[in-house]
Structure formats: structure tokens, C-alpha cells
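Written out below as C-alpha cells is the structure these notes cover.
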Amino acid sequence: MFRDPAIFLALRTQVLPVLASYPRINIWQAGCATGEEVYSLAILLKEEGLYDRTRIYATDINDVALARAEEGVFSLRNLKDFSVNYLKAGGRHSLSDYYHAAYGHASMDRSLRENMIFARHNLASDGMFCEVNMIICRNVLIYFDRLLQNRVLRLFRDSLVRQGFLCLGSRESLQFSDIVEDFGAIDADLRLYRKTLISTGAS
Ligand SMILES: C[S@@+](CC[C@H](N)C(=O)[O-])C[C@H]1O[C@@H](n2cnc3c(N)ncnc32)[C@H](O)[C@@H]1O
């Protein structure tokens, strides 16, 4: 959890204060795998007092991964690293406040699950989500060729509200993509972007 803590710190300090001005917040986490990022996000939102008005749509193509994500059970072996990352990401408590440990596993607190919606979604063929305020899709596009990357990035652009946020993985970028003109970089090193235009859907 909280892998690349600098990005979670940037979400906490630069993105969530902006999202706080919206009465409802919709977040799409695409390629959620087994859920480490989605629980990290829920904790972040809870600590910033925004989770009650947030829906996180967590999607993946892999049903087995989705079922594990929904369970929210992680090996205790990983929790030490997760805790270090959590504190580097500006964590306000102890990560252990958010899970129950038993038999070598950590079960994430059920309250974190409340506003998560898990769904199968294939980025290569399925349609857009409407009016999301932020999309997080990290370490997924690296597995796609340029054509597919552009399809997915257009899908993200068209799913985001005006001035919505997009967060990619450290080896992914909007540079050289079809949608680069539609976004400004909040922090190019962290691959954190903000949509600047009302999409025409033309490119
Ligand atoms: C390396 S994991 C990234 C997980 C997480 N975002 C992270 O950074 O830790 C890549 C995920 O992308 C998913 N994926 C691969 N192709 C996909 C597709 N066409 N549509 C949706 N998800 C896909 C995989 O099932 C896998 O869970």
C-alpha cells in the first residue's frame, strides 16, 4: 500500500483540497489489481474528511484480482513496508488503526469498503465512466502498445469532468500521446495531470 508515497502525499496536499470543494466526488481507479491502491486512497480520503461523499469505482479485467481486492485482506509480511510508506505519504495515525491482524493476515477495516464499487472493466474494449473527478491508473499502460495507450487515454479524458485529475504510473506519461494538449501537468515527475479543456472527443 502507498507505493510511491510521494504521489499519495501529492494527492493529499494538492488534489484532495481541490476536490474538497465538490459536494460529491467520483474517483475511478482503473487496473486496481488486488486492491492495495484503493484501500490507500480510502484511508487518505477518510483522513482528509472526504470519504463520506466519495465513490471509488475500482475496476480491473481480472475477476480473481477483483475478488481479492473486494476482500481487502493482505499478508502481514507486507504491512511493515506499507506502514513506512503510509507515514511518508503524510499518514496522520498508525496504519494499524485501519486493519485487524489475525493468522498472518491483515483484514482492512470494513468501513473502508463502504464507498468502493468493484467492477470488471476492460480498458481495451469497454466504454467510459461519466463525470469522474479523478482517475488513477498506474502501471497498466506500460503493458499496452501506443495505439491502445491512446485509446485508453482518450477514454480517461472523456470520462473526466473539466479540470479533473489524472494520475499515471512513474513509467507512464502523457507526453507524445494524442491527448497531451488537453491536460496540464501538476507535477510531471509524479505523472500527475489536470484536464484543461472541455473535450471535443475529436482526436
Ligand atoms: C501491474 S498491475 C497494476 C496494479 C496497480 N495499479 C499498481 O500500480 O499497483 C496491472 C493491472 O492491470 C490489469 N489489466 C491488464 N490489462 C487490462 C485491461 N485491458 N483492462 C483493465 N485492466 C487491465 C491487470 O489485471 C492488473 O491487475
Any heavy-atom pair between the side chains of [Y] and [X] that's under 4.5 Å?
{"X": "Ser173", "Y": "Tyr193", "result": "yes"}
{"X": "Ile179", "Y": "Arg154", "result": "yes"}
{"X": "Phe129", "Y": "Ile135", "result": "no"}
{"X": "Leu41", "Y": "Thr54", "result": "no"}
{"X": "Arg157", "Y": "Leu160", "result": "no"}
{"X": "Glu48", "Y": "Leu19", "result": "no"}
{"X": "Glu47", "Y": "Ile43", "result": "yes"}
{"X": "Asp178", "Y": "Leu153", "result": "no"}

Quick one: do [X] and [Y] end up in the same hydrophobic cluster if we chain Ile, Leu, Val, Met, Phe, Trp and Tyr together by side-chain heavy atoms under 4.5 Å apart?
{"X": "Leu16", "Y": "Leu192", "result": "yes"}
{"X": "Phe183", "Y": "Ile186", "result": "no"}
{"X": "Val132", "Y": "Val18", "result": "no"}

Using distance only, find each side-chain donor-acceptor pair of residues 139-146 under 3.5 Å and give its atom names and separation, not counting sequence neighbours.
unit_1, atom_1, unit_2, atom_2, d
Asp145, OD1, Leu147, N, 3.3
Asp145, OD1, Leu148, N, 2.9

Using 0.5 Å steps for rounding, measure from the [atom1] atom of [X] to the [atom2] atom of [Y].
{"X": "Arg12", "Y": "Phe2", "atom1": "CZ", "atom2": "CZ", "result": "7.0 Å"}
{"X": "Ser107", "Y": "Leu112", "atom1": "OG", "atom2": "CG", "result": "11.5 Å"}
{"X": "Tyr99", "Y": "His105", "atom1": "OH", "atom2": "NE2", "result": "13.0 Å"}
{"X": "Lys195", "Y": "Arg162", "atom1": "NZ", "atom2": "CZ", "result": "9.5 Å"}
{"X": "Gln149", "Y": "Leu174", "atom1": "CD", "atom2": "CG", "result": "10.5 Å"}

Can you tell me if [X] uses its side chain to pair, donor with acceptor, with the backbone of [Y] under 3.5 Å?
{"X": "Arg55", "Y": "Arg24", "value": "no"}
{"X": "Asn133", "Y": "Asn26", "value": "yes"}
{"X": "Tyr39", "Y": "Ala69", "value": "yes"}
{"X": "Arg191", "Y": "Ser170", "value": "yes"}
{"X": "Arg3", "Y": "Glu37", "value": "no"}
{"X": "Asp60", "Y": "Leu66", "value": "no"}
{"X": "Asp4", "Y": "Ile7", "value": "no"}
{"X": "Thr59", "Y": "Arg120", "value": "no"}

Basic-acidic side-chain contact under 4.0 Å: [X], [Y]:
{"X": "Glu36", "Y": "Arg68", "result": "no"}
{"X": "Arg138", "Y": "Glu172", "result": "no"}
{"X": "Arg113", "Y": "Glu70", "result": "yes"}

Legend entry - Partners meeting ring-ring contact (aromatic ring centres under 6.0 Å, His included) with Tyr98 (sequence neighbours left out):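 Counting only residues at least two positions away or on another chain, Tyr98 forms no ring-ring contact (aromatic ring centres under 6.0 Å, His included).
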Inset, instruction - Could you go through the ring pair (Phe, Tyr, Trp, His ring centres under 6.0 Å) check for Tyr57 and His121 one step at a time? - result: CA-CA 10 Å; Tyr57 299 92; His121 181 279; over 10 Å; no
